[in-house]
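Notes follow once the structure below has been shown.
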Amino acid sequence: MAKKKKKFETEKQNQLEKSIKDGQGKPLTTNQGLKVNDTNNSLKSGERGSTLLEDFLLREKITNFDHERIPERIVHARGSGAHGYFELYKSIPELSKAGIFNDTERKTPVFVRFSTVAGSKGSPDLARDVRGFAVKFYTQEGTWDLVGNNMPIFFIQDAMKFPDLVHSVKPEPNNEIPQAASAHDTFYDFVSHATETLHNQIWVMSDRAIPRSLRMMEGFGIHTFRLINDKGESHFVKFHWKPVLGVHSVTWDEAVKINGADSDFHRRDLWDAIEAGHYPEWEFGVQIVKQEDEHKFEFDLLDPTKLIPEEMVPVQIIGKMTLNKNPENFFAETEQVAFLPGHIVPGIDFTNDPLLQGRLFSYRDTQLSRLGGPNFHQIPINRPVVETHNNQRDGIMQTEIPKGQTAYFPNTLGGGCPHLSKMSEGAFDSYEERIDAKKVRGRSESFSDHFSQPALFYRSLAKWEQEHVAEAYIFELGKCNQDHIKQRMLWIIAQINKDLAKSVAKGLGLAVPKEIDKPINQAIGADNDGTKNQPPKAKNYLDSDPALSQSNTKFDSIATRKVAFLMADGFSMKQFKKMSKDLKEKGAMVEIIAPHGGNLVCDEDMEHKIDASISTTESVLFDAVYIPGGKKSIKKLKEEPKFVKFITEAFKHCKAISVDGEGEELLDDTIVSKHKDDKSIFINQKPNDFIDAIAKHRNWERMDIAAKIPV
Ligand code: HDE
């Protein structure tokens, strides 16, 4: 019997061999280099006697183990990282003198960490949440950290409110419930009293909060930064990452099920794509505003709850980031990496965005308790690629041996070194911004418009996206216990759109408050943002911004999409081979799912390795389904109800399904039999049609039918 080995098996084998090679020929030692002859038994007074205090081998091993954990990040605890590089397409010397923005020959190494915000380190990946998108650029002029999110705006305008925001969204302090979820009273209690949060909140209600893959999310620096050219001139800038694969999401029903079926779904997806050589890529773009245009917008550039619509200021693409290497060790790299918004390089500078200003303090401070002291920059993942010299000394976990007699400046004993550099030699210098103001504790009135941009976002969404927003609010507020919080939220949602408020109210079994046209302080009491300025009604300064809708993203590739092949013994080898070849040629990943584990024998009597038995996987983990014919195979699949569930769910989640030959008979056992004319259902059709449908991500036209399917 001819045997065909799957490629995936070979890759796994390679990984195993590599890991064996890494440790080959090396003896087990203590941390002091002592060779060990037994690491399984402690030292005892007799084989059945008590353990001796003398056992230094036991103590070293156990002590190390007892201290394996460091405090998890207060926010963004759950994360996945990868290495890669950044390349510049086009230099921009007129805007910035940064080396990374001028040298198109350079390949700047990067380390990226993606994260969710609210959950703990072990929380599931598909929580409805913002995703962190933090990039460490190891540049020739020092390390630049762009610590952003997958949404272009933030919840709050002033750093002072961050602890309140985070305390409200984290599990409630009395019972530590719920984990990794904003759907609870304290969050909505807080946000309904701080309407500046509405813009980020509606993004979180949208599909952006449940990405299909970390590789299919946009990234944003959020704050307005400055670019500084070699004449010392400043331009305002917003930084953007645009995924080459487009921006795609799953549905909430899938998210809930994925969390159970594979809580590492995003982490695994990133890891597998890199291992398989499908390197994730993002183009890098800038939105530039001239210094003199600072006040020409209807919103304040310093307000981090506002985006600059791409309709108003287009994103200029100037580079690309590729992630091509998984970490060697999760703890050493992904856990210990420390991103600081304060890590910048000459040619980039901060603005007075009050949230950014607070972050400049917070991130260094948090590393002191997370990584234990001020020397965290010496941890390998945090080390710059350029040499560092200064007079900072000692401290916990100093791992270097500074040489010489002097640790101060100025000096003569050290020959005046390390010496200062001039700007012409690449030194950093802050932009000379003119400041002439009274010291105040307050907020600019130009920050008070809380409703116009959430309304713009909602108007810009496709109908299916708007429906998802309504469903998300119904779920989230439905999980709250307090009606007065829901009522406040309904008034606030009505400021975005009255019909949206009506559908949410219907789902909650409540009425939209009558006072929706009254000012906030008369309708629901003052917005407690601590300022004298109450938010005015939404203005419409732009009907819509196409860049805000995922319906306008790219739909041109099936690269890395996972297609489930449902098969049993006797499947049609010819049909399997053709479809598998066509899909793989376009970069898709094919997985064989069978009634059991082990191998299958096809109708040509060849053996094939199964990727997963139906008992260990779920439809929500795939992008599309293919069923080849083969009389015997289909008969076997029909005997296992889980295949019916698998297909029904794929249909419910608006995915493409293709069948050949007898495969159609399996569809006849499912709801699909009534919708064979659906534009993403393919019966004995060319693989190309199926491929196009997968590239479109989902057939959202099926949404109304899908909503009625009870699985
Ligand atoms: Fe963070 N944030 N943040 N944040 N943040 C942290 O830093 C903080 C904010 C973001 O993968 C912490 O090292 C304050 C905005 C990311 O390691 C902490 C404020 C944005 C990550 C912290 C903000 C972010 C963090 C936790 C308001 C988007 C994960 C551990 C002034 C632009 C980075 C740590 C990683 C992490 C504080 C607001 C993004 C506690 C005080 C706005 C992506 O220092």
Side-chain angles (χ1 to χ4, degrees), residues 73-76 115-118 128-134 147-170 182 184-206 208-209 220-225 238 299-308 341 350-363 365-366 440-457 476 485 488-489 492-493 495-496 520 524-536 538:
R73 289 165 174 82
I74 295 152
V75 279
H76 297 265
S115 47
T116 49
V117 179
R128 178 176 292 284
D129 201 351
V130 177
R131 299 297 182 290
F133 193 127
V147 198
N149 283 344
N150 75 328
M151 300 180 188
I153 33 75
F154 199 67
F155 285 98
I156 47 165
Q157 298 170 327
D158 191 306
M160 193 73 150
K161 293 180 93 161
F162 192 65
D164 298 303
L165 168 72
V166 174
H167 290 168
S168 78
V169 73
K170 281 275 178 181
S182 53
H184 57 116
D185 282 317
T186 57
F187 180 66
Y188 285 97
D189 190 21
F190 173 75
V191 296
S192 71
H193 285 96
T195 48
E196 71 201 70
T197 58
L198 185 60
H199 195 191
N200 206 155
Q201 212 191 96
I202 189 169
W203 275 76
V204 173
M205 293 308 116
S206 81
R208 302 274 183 153
F220 303 89
I222 300 189
H223 312 284
T224 302
F225 289 86
K238 295 259 191 202
F299 47 88
D300 195 325
L301 289 182
L302 300 186
D303 174 356
T305 67
K306 305 294 182 297
L307 51 85
I308 308 180
F350 314 117
T351 60
N352 292 336
D353 171 342
L355 194 68
L356 174 60
Q357 294 282 322
R359 294 179 78 202
L360 297 178
F361 164 73
S362 171
Y363 288 64
D365 182 49
T366 207
V440 290
R441 189 177 288 285
R443 212 172 302 177
S444 168
E445 196 183 350
S446 57
F447 281 37
S448 62
D449 175 4
H450 300 168
F451 302 133
S452 302
Q453 287 213 349
L456 166 67
F457 177 72
E476 294 267 311
I485 294 175
R488 285 183 70 87
M489 281 308 305
I492 293 168
I493 295 167
Q495 305 308 305
I496 300 175
I520 187 167
I524 56 170
D527 178 64
N528 288 338
D529 76 348
T531 75
K532 56 189 182 309
N533 309 311
Q534 293 301 308

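These figures come from a predicted structure and were not determined experimentally.
In terms of the salt bridge (charged side-chain N to carboxylate O under 4.0 Å, His left out) criterion, Asp129 has no residue partners (sequence neighbours excluded). Partners of Ser206 under the side chain to side chain donor-acceptor pair (under 3.5 Å) rule, at least two apart in sequence or in another chain, do not exist in this structure. With sequence neighbours excluded, the residues that form a ring-ring contact (aromatic ring centres under 6.0 Å, His included) with Phe457 are Trp203. In this structure Ser115 satisfies the side chain to side chain contact (heavy atoms under 4.5 Å, CB included) test together with His76, Arg113, sequence neighbours excluded. The salt bridge (charged side-chain N to carboxylate O under 4.0 Å, His left out) test applied to Lys170 returns no partner, not counting sequence neighbours. Residues meeting the side chain to side chain donor-acceptor pair (under 3.5 Å) test with Ser452, sequence neighbours left out: Asp449. In terms of the side chain to side chain donor-acceptor pair (under 3.5 Å) criterion, residue partners of Arg208 (sequence neighbours excluded) are, by chain and number, Glu218. Remark: Thr186 pairs with Glu172, His184 by the side chain to side chain contact (heavy atoms under 4.5 Å, CB included) rule, at least two apart or across chains. Arg359 is linked by a salt bridge (charged side-chain N to carboxylate O under 4.0 Å, His left out) to nothing, counting only residues two or more places apart in sequence or in another chain. Judged as a side chain to side chain contact (heavy atoms under 4.5 Å, CB included), and not counting sequence neighbours, the contacts of Ser446 are Asp300, Ser444. Under the side chain to side chain contact (heavy atoms under 4.5 Å, CB included) criterion, Asp353 pairs with His223, Pro304, Thr351, Leu355, Leu356, not counting sequence neighbours. Residues passing the side chain to side chain donor-acceptor pair (under 3.5 Å) test with Thr116, sequence neighbours excluded: none.
Looking at every heavy atom in both residues, Ser448 comes nearest to Pro536 through O-CD, 3.3 Å. Met160 approaches Asp164 most closely through the heavy-atom pair O-OD2, 4.0 Å. Residue Lys161 comes nearest to Ile156 through the heavy atom pair C-CD1, 3.6 Å, listed as atom of the first residue, atom of the second, then distance. Residues Pro341 and Tyr363 share a closest heavy-atom pair of CD-CG, 3.2 Å.
The closest donor-acceptor contact from the side chain of Gln495 to the backbone of Phe451 lies at 3.5 Å or more, if one exists at all. Using a distance-only test at 3.5 Å, with no hydrogens or angles considered, a donor-acceptor pair links the side chain of Thr224 to the main chain of Leu301. The main-chain N or O of Tyr188 is found under 3.5 Å from a side-chain atom of Ser192 such that the two form a donor-acceptor pair. Of the possible polar contacts, none joining the Glu445 side chain to the Asn533 backbone as a donor-acceptor pair under 3.5 Å is found. Of the possible polar contacts, one joining the Arg128 side chain to the Val204 backbone as a donor-acceptor pair under 3.5 Å is found. At distances below 3.5 Å, not a single donor-acceptor pair connects side-chain atoms of Arg131 with backbone N or O atoms of Asn149. A side-chain donor-acceptor contact under 3.5 Å links Ser168 to the backbone of Leu165.
Atoms CG and CD, from Asn200 and Gln453 in turn, are 12.0 Å apart once rounded to the nearest 0.5 Å. Put simply, CD1 on Ile74 and CZ on Phe162 are 8.5 Å apart, with the number rounded to the nearest 0.5 Å. The CD1 atom of Ile492 sits 7.0 Å away from atom CG of Leu198, with the distance rounded to the nearest 0.5 Å. For the atom pair OG1 (Thr197) and CZ (Phe190), the distance works out to 6.5 Å, reported to the nearest 0.5 Å. Considering NZ of Lys306 and CD1 of Ile222, their distance stands at 13.0 Å, rounded to 0.5 Å. Distance CG/Asp189 to CD1/Ile485: 4.0 Å, rounded to 0.5 Å.
The closest side-chain heavy-atom distance from His450 to Gln157 is below 4.5 Å. Considering only heavy atoms from C-beta on, Met151 stays 4.5 Å or farther from Leu307 through its side chain. Side-chain contact between Glu476 and Gln201 is absent, with no heavy atoms from C-beta onward closer than 4.5 Å.
A side chain to side chain contact (heavy atoms under 4.5 Å, CB included) with Phe155 is found for one member of Val166, Val130, Thr305 and no other, namely Val130.
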Worksheet item: Do Leu302 and Phe447 pass the side-chain contact (heavy atoms from CB on, under 4.5 Å) test, and can you show the C-alpha distance, the side-chain angles, and the key distance before you say yes or no?
Response: CA-CA 8 Å; Leu302 300 186; Phe447 281 37; 4.0 Å; yes
Worksheet entry | Steps toward side-chain contact (heavy atoms from CB on, under 4.5 Å) verdict (Arg488, His193) | CA-CA 8 Å; Arg488 285 183 70 87; His193 285 96; 3.3 Å; yes
Worksheet item: Hey, mind stepping through Ile308 and Phe299 against side-chain contact (heavy atoms from CB on, under 4.5 Å) and telling me if it holds?
Response: CA-CA 9 Å; Ile308 308 180; Phe299 47 88; 4.1 Å; yes
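Using a 3.5 Å distance cut-off with no hydrogens or angles, the side chains of Gln534 and Asp527 do not pair a donor with an acceptor.
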